Every structure is written in structure tokens, then in C-alpha cells.
Amino acid sequence: MTSALGFFVTIEGIEGSGKSALANALQHRLTSSCSRVLVTREPGGTAIGDVVRRILLDCKEVSDRAELLLFEAARAQHIEEIIKPALGRGDLVICDRYIDSTIAYQGYGRGIDFAIIERVNNFATKCMMPNLTILLDLPVQVGLARQTKVDRISAQGLEFHESVRRGYLDLAEADPERFVIINAARSFEEVLDEAAEIIATKAKVKL
Ligand code: TYD
């Protein structure tokens, strides 16, 4: 199931790929063309999500299963409180991370069974799929070097982040209808121009 009225875009990528900066810049770039552009992010975006985010990123001891379920709890609230109502109003929703983050980080990174992740992703989102997913791809070393702050998850070793990147590329290859890969090793302006163009084309809005 994809959004009934609005247009739902997710932005995905490894640490330092520039998702958050891109999401904010897209809001400015697209606001004149769309009636309303909502930018939101996971985990976060709601009061519950912000608390869960702090637990997830700051607590030293979090088991892999607890980590998965905390991300999904934040997501369930986010879908209910923010994303579904916005799509119902006809907004263009741009979400920084969504279900593919969980497959890439908890599946490819932590090694949790993909069938379990699929079930909890579907349960948390009521099967609400993005219309478009932009994957910002770049070499892990380049992304990690760009990072300004480090938390429990981003502090994982190189091998973990390489698995996450591989996971994202596998997902994009398996679903070329939904995914577009953007080379994020280029300048921010180039990435922004390409992303804005892709969203405008897919969402059928004029830039
Ligand atoms: P955040 O500070 O928002 O990082 P970023 O700017 O890279 O998005 O923290 C989110 C972290 O949580 C990031 O390391 C990716 C991780 N994450 C998962 O492991 N699984 C998930 O399902 C989500 C949404 C995020």
C-alpha cells in the first residue's frame, strides 16, 4: 500500500551521507511548487519518538532485539501521529530514514532475521510504503569522515557500516521502481538539484 493522497518520499543512506541537510534544503526548494512540504525524521518527530531516540542513541547497553523494537515503537507512533495525517491532507512528506534503515542496520548490520524485520516493519507502518526512496550512496570512509558527532550506532566499526551500505544497495537493486540511487560523494548543490528533479518528476509537480 502506498499513500492514498499525498506523496511520500523517504531518504536513506549511511552515516555522513547528508540526508538531514538534503531533507531541509528540499523543503525550501519544493515549497513554492507544492501546497505543503512536511519534513520529518526517524527516530523522532513525535514526543515518544524523541524519548526513544535518546534511549537508542545514548544508552550503553541495548540488546539487538530491544533496539529493533524501540525503532519500531517510534515508527508506529510516527506513522499514526505525523505521516498518515499529512498524507491524508495531500502533503508532500519527506522522511529522513524509514523502514529501509531497519533492514540495512538491524538486518544487514546486526544480523537479525529479515523475515522478522519485515513483519515488524509492516506491523508498525500498517504496510504504508513510500512512493519514492532516495538512497544517498557514498563510500563508507567518506561518510564517516564527514560525521560531526558520534553516537552508539554510528560508533560501530567499519565492517558494520560496510554491511549497512551493501544492504541499502541490495534493497535498491531489488526494487528499482521505488528506489533512486544518488551519488552523494559529489557537492551538496549537485545532490540537491538531482534530488529535487527526481521528486518533482515522480510527484508530478513543476519546479
Ligand atoms: P541520527 O542521529 O538521526 O543519525 P542520522 O543523522 O545518521 O540519521 O540517528 C539515527 C541512528 O539510528 C543512525 O545511526 C541510524 C540508526 N537507525 C537504525 O539503526 N535503525 C532504524 O530503523 C533507524 C530509523 C535508524
Side-chain angles (χ1 to χ4, degrees), residues 8-26 39-46 48-79 81-83 93-114 116-125 128-130 133-168 170-171 182 184 188 191 195:
F8 184 19
V9 181
T10 57
I11 302 181
E12 297 280 359
I14 60 166
E15 313 293 324
S17 55
K19 295 177 292 30
S20 313
L22 177 66
N24 292 326
L26 281 169
V39 171
T40 184
R41 68 166 182 169
E42 288 201 352
T46 65
I48 288 181
D50 289 339
V51 174
V52 168
R53 183 169 187 279
R54 290 266 58 88
I55 298 171
L56 276 163
L57 299 181
D58 295 347
C59 286
K60 288 203 171 57
E61 299 297 326
V62 182
S63 75
D64 292 353
R65 280 171 299 134
E67 183 178 274
L68 170 66
L69 295 172
L70 284 163
F71 277 118
E72 297 294 354
R75 178 164 302 137
Q77 190 65 26
H78 193 215
I79 269 282
E81 204 179 308
I82 310 277
I83 296 178
V93 176
I94 300 177
C95 186
D96 178 355
R97 296 196 182 280
Y98 191 56
I99 49 169
D100 302 299
S101 281
T102 314
I103 303 171
Y105 281 78
Q106 280 64 53
Y108 284 82
R110 302 282 194 220
I112 296 180
D113 189 325
F114 293 113
I116 292 174
I117 295 180
E118 192 182 346
R119 284 200 70 186
V120 285
N121 266 344
N122 287 341
F123 181 69
T125 62
M128 176 70 79
M129 292 296 286
T133 297
I134 292 177
L135 171 58
L136 298 183
D137 183 56
L138 79 176
V140 169
Q141 305 261 26
V142 178
L144 293 182
R146 280 184 185 175
Q147 264 190 312
T148 47
K149 47 182 181 31
V150 176
D151 54 56
R152 187 180 59 81
I153 295 177
S154 60
Q156 299 293 310
L158 208 57
E159 206 179 310
F160 176 90
H161 294 292
E162 291 288 2
S163 302
V164 172
R165 183 185 184 200
R166 168 87 342 253
Y168 274 132
D170 284 355
L171 286 167
I182 292 185
F188 182 70
V191 172

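Just so you know, ligand 1 is whichever comes first in the structure, and atom 1 is the first atom listed for that ligand. Reckoned from all heavy atoms, side chains included, excluding hydrogens, waters and symmetry mates. Position 1 is the first residue of the sequence, and the numbers go up from there. Note that this is a predicted model, so its numbers are computed, not measured.
Proximity of T133 to L171: side-chain heavy atoms (C-beta onward) are nowhere separated by under 4.5 Å.
At a heavy-atom cutoff of 4.0 Å, ligand 1 is contacted by the side chain of K19 but not by its backbone.
Counting only heavy atoms of the protein, atom 14 (O) of ligand 1 lies nearest to E15 OE2, 2.8 Å. Ranking protein heavy atoms by distance to atom 9 (O) of ligand 1, first place goes to L57 CD1, 3.6 Å. Scanning all protein heavy atoms for the shortest distance to atom 25 (C) of ligand 1 gives F71 CE2, 3.2 Å. In terms of protein heavy-atom proximity, atom 8 (O) of ligand 1 is closest to R97 NE, 2.7 Å. Residue, atom and distance of the protein heavy atom nearest to atom 22 (O) of ligand 1 are T102 OG1, 2.6 Å. Atom 20 (N) of ligand 1 has Q106 OE1, 2.8 Å as its closest protein atom, hydrogens excluded (heavy atom only).
Residue contacts with ligand 1 include R53, since one or more of its heavy atoms lies under 4.0 Å from the ligand. A heavy-atom separation below 4.0 Å is found between R75 and ligand 1.
Not a single side chain to side chain donor-acceptor pair (under 3.5 Å) links R65 to another residue, sequence neighbours left out.
Aromatic rings of Y105 and F71 (six-membered ring for Trp) have centroids beyond the 6.0 Å cut-off, not under it.
The salt bridge (Lys or Arg N to Asp or Glu O under 4.0 Å) pairs that include a residue from residues 134-158 are E67-R152, D137-R165, where partners are two or more places apart or lie in different chains.
Interatomic distance, R75 CZ to S101 OG, rounded to the nearest 0.5 Å: 7.0 Å.
The existence of a salt bridge linking R166 and D170 is confirmed by a sub-4.0 Å separation between a basic side-chain nitrogen and an acidic carboxylate oxygen.
Taking every non-hydrogen atom of I153 and a distance limit under 4.0 Å, the qualifying atoms of ligand 1 come out as 12 (O), 14 (O), 16 (C), 19 (O).
For H161 (side chain) and S154 (main-chain N/O), a donor-acceptor pair under 3.5 Å exists by modelled atom type. The backbone N or O of Y98 sits less than 3.5 Å from a side-chain atom of E12, completing a donor-acceptor pair.
One option in A104, G143, P43 has a heavy atom closer to atom 10 (C) of ligand 1 than any other, and that option is P43.
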